[in-house]
Number of protein chains: 2
Amino acid sequence: MKTETRQQEIIRVAAKLFKEKGYSAVTMRDLAKAMGIKAASLYNHINSKQDILNTIIISLAEEFTEGMKQISTSNDTCIEKLKKIIQLHVNISSKNSYGMASLNNDWMHLETQRTYYKKLRSDYENDFKTILEDGIKAGEIVNAKPDVMMFSILTTLRSLYIWIPKKEDLSLEELTNTLSQILIKGINK
Amino acid sequence: MKTETRQQEIIRVAAKLFKEKGYSAVTMRDLAKAMGIKAASLYNHINSKQDILNTIIISLAEEFTEGMKQISTSNDTCIEKLKKIIQLHVNISSKNSYGMASLNNDWMHLETQRTYYKKLRSDYENDFKTILEDGIKAGEIVNAKPDVMMFSILTTLRSLYIWIPKKEDLSLEELTNTLSQILIKGINK
DNA sequence: GTCTATAACGCGATAGAC
DNA sequence: GTCTATCGCGTTATAGAC
């Protein structure tokens, strides 16, 4: 286990608080109390509350960008790519469910980095949609609106962070498989 | 068109601001500016910021409860019930996408009504799960984990408020049908 | 590296004039 | 019904002691 710097500890504890109450509702005094120090002392390790949010969100967004890059440029079939995307979301969401909450709910509170975040997200969605469109052309998936398909799958994957911590009995592999089944083949018998 | 009271107007404008920035990040001064009056004047029409949130969330939660009650007690098949649930979410989300944002993201900031809200939500999810379990028993839907199926469908439906306002070209009926197809039969060909 | 003290400001909410 | 002025408190952030 790597030793965690005090700065990393603050960011980790902040992410947990942000998940519970949202960025705006968490005060620096809340964070300091959770760390067992005074609010003023936080500023020996971090520059600002805003910087904490930047670190949490941008590192996660770049992790998704990197994962999507590898998946979209592979030679897999559309269905295989989709399964890998599902796996990507399950893995990141299980490793960092606190950060995922900020990514999903608090990105609008980014200041200097909001534009950059929105570009990463938009690129990700475009890659996703291209995979679906290629799958339709190749006859792998049904010819329905790619927008609606992407919306449906992606919102489910984006909400995994809420759900994964409650289901510790379910292994990640099992969850990935079940989700793949449901999202791709539906629930109809 | 019904005439809107000043109070209703404040709640409507507040819901819009809450959707953009979240409950905690919206100040009474923000709300007053959006209304074209001073913050103090708001209190002639509403009791508190918290009361605005209560009204937005509880009325919506009760609307879902009422809809689910009619669906779950009907004699429809499981698949028909699911389609009606999808329709319920599409209808409410299109009528009130601002309020849906608060319902999804700001319920944790409820004070006196949080327990009541959580009961309504929990009852809703139990009814949903029962419908799925009955569908499995009846052989209508696949024998996968009802939790995962419900999570997948419900998170998609709960995120509709983000998506519907961006797709004004798509009719609600068309959206309901496409979503039903995708959520029930999957995207696999 | 953490503390106390403090600055400068914005917050929700209220009182009272008009 | 809206205003100005204000209350008590929370906010981010900094300065300086230890």
Side-chain angles (χ1 to χ4, degrees), chain A residues 2-58 102 105-114, chain B residues 2-58 98-99 101-102 105-114 117:
Chain A
K2 262 192 295 189
T3 35
E4 190 184 43
T5 67
R6 200 83 167 126
Q7 188 186 63
Q8 289 170 329
E9 191 187 354
I10 290 173
I11 291 169
R12 180 175 53 79
V13 172
K16 187 172 178 178
L17 296 180
F18 291 169
K19 181 181 178 184
E20 287 162 9
K21 305 205 293 173
Y23 174 76
S24 301
V26 174
T27 69
M28 295 302 271
R29 284 173 173 80
D30 290 337
L31 178 54
K33 188 172 277 181
M35 290 292 297
I37 58 176
K38 294 287 169 185
S41 305
L42 291 170
Y43 290 88
N44 284 303
H45 310 281
I46 51 102
N47 292 322
S48 65
K49 189 186 178 190
Q50 176 67 203
D51 245 32
I52 299 175
L53 188 67
N54 277 339
T55 306
I56 294 171
I57 292 183
I58 299 300
S102 298
N105 304 321
D106 287 321
W107 61 266
M108 70 283 275
H109 298 119
L110 289 173
E111 289 161 17
T112 59
Q113 307 272 59
R114 188 166 65 242
Chain B
K2 262 191 296 190
T3 35
E4 190 184 42
T5 67
R6 200 86 168 120
Q7 188 185 63
Q8 288 169 330
E9 190 187 355
I10 290 172
I11 292 169
R12 180 174 54 80
V13 172
K16 186 172 178 179
L17 296 180
F18 291 168
K19 181 181 178 185
E20 286 161 10
K21 305 206 294 173
Y23 174 76
S24 300
V26 174
T27 70
M28 296 302 273
R29 286 169 174 82
D30 290 337
L31 178 54
K33 188 173 276 181
M35 291 291 298
I37 57 176
K38 294 287 167 185
S41 304
L42 290 169
Y43 291 88
N44 283 303
H45 309 281
I46 51 102
N47 291 322
S48 65
K49 190 186 177 190
Q50 177 66 204
D51 245 32
I52 297 176
L53 188 67
N54 277 338
T55 305
I56 293 171
I57 292 183
I58 299 300
Y98 297 139
S102 299
N105 304 320
D106 287 321
W107 61 266
M108 72 282 276
H109 298 119
L110 289 174
E111 289 161 16
T112 58
Q113 307 273 58
R114 187 165 66 243
Y117 161 77

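Each chain gets a letter, A, B and so on, in the order the sequences are listed, and its residues count up from 1.
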Q. Reckon A/Ala40 touches a base, only the sugar-phosphate, or nothing at all at heavy-atom distances under 4.0 Å?
A.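 If one applies the 4.0 Å heavy-atom cut-off, A/Ala40 turns out to touch a base.
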Q.
Once you apply a heavy-atom cut-off of 4.0 Å, does A/Arg29 come out as touching a base, just sugar-phosphate, or nothing?
A. base
Determine the minimum heavy-atom distance between [X] and [Y], stating which atoms define it.
X	Y	result
A/Met35	A/Ile10	CE-CG1, 3.5 Å
B/Met28	B/Leu42	O-CD1, 3.4 Å
B/Leu53	B/Ser102	CD1-CB, 4.3 Å
A/Ala34	A/Leu17	CB-CD1, 4.1 Å

Given atom [atom1] of [X] and atom [atom2] of [N], what is their separation to the nearest angstrom?
X	N	atom1	atom2	answer
B/His109	C/dG12	NE2	C1'	15 Å
A/Leu31	D/dA13	CG	P	12 Å
B/Ile52	C/dA13	CD1	C1'	12 Å
A/Ile46	D/dA13	CD1	C1'	10 Å
B/Lys49	C/dA13	NZ	P	8 Å
B/His45	D/dC3	NE2	C1'	12 Å

Q) Within a reach of under 6.0 Å around OH of B/Tyr117, are more than 12 heavy atoms found that belong to other residues, nucleotides or ligands? A)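 Yes, enclosed.
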Q. Which of these nucleotides, C/dA13, D/dG1, C/dC3, is closest to any side-chain atom of A/Ile37?
A. C/dC3
(Q) Does a side-chain N or O of B/Tyr43 approach OP1 or OP2 of C/dT14 to a distance below 4.0 Å, or not? (A) no
Q) If only side-chain N and O atoms of A/Ser41 are considered, is one of them under 4.0 Å from the OP1 or OP2 phosphate oxygen of C/dG1? A)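 No, no such contact exists.
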Q: Report yes or no: does B/Gln113 contribute a side-chain atom to a donor-acceptor pair with the main-chain N or O of B/Ile58 at less than 3.5 Å?
A: no
Q. Closer to the 5' end of DNA chain D via nearest nucleotide, is it B/Lys38 or A/Asn47?
A. B/Lys38
Q | Contact list for DNA chain D against residues 8-28 of chain B - heavy-atom distance below 4.0 Å | A | none
Q.
Would you say that A/His109 contacts A/Ser24 through its side chain, given a criterion of any heavy-atom pair below 4.5 Å between the two side chains?
A. yes
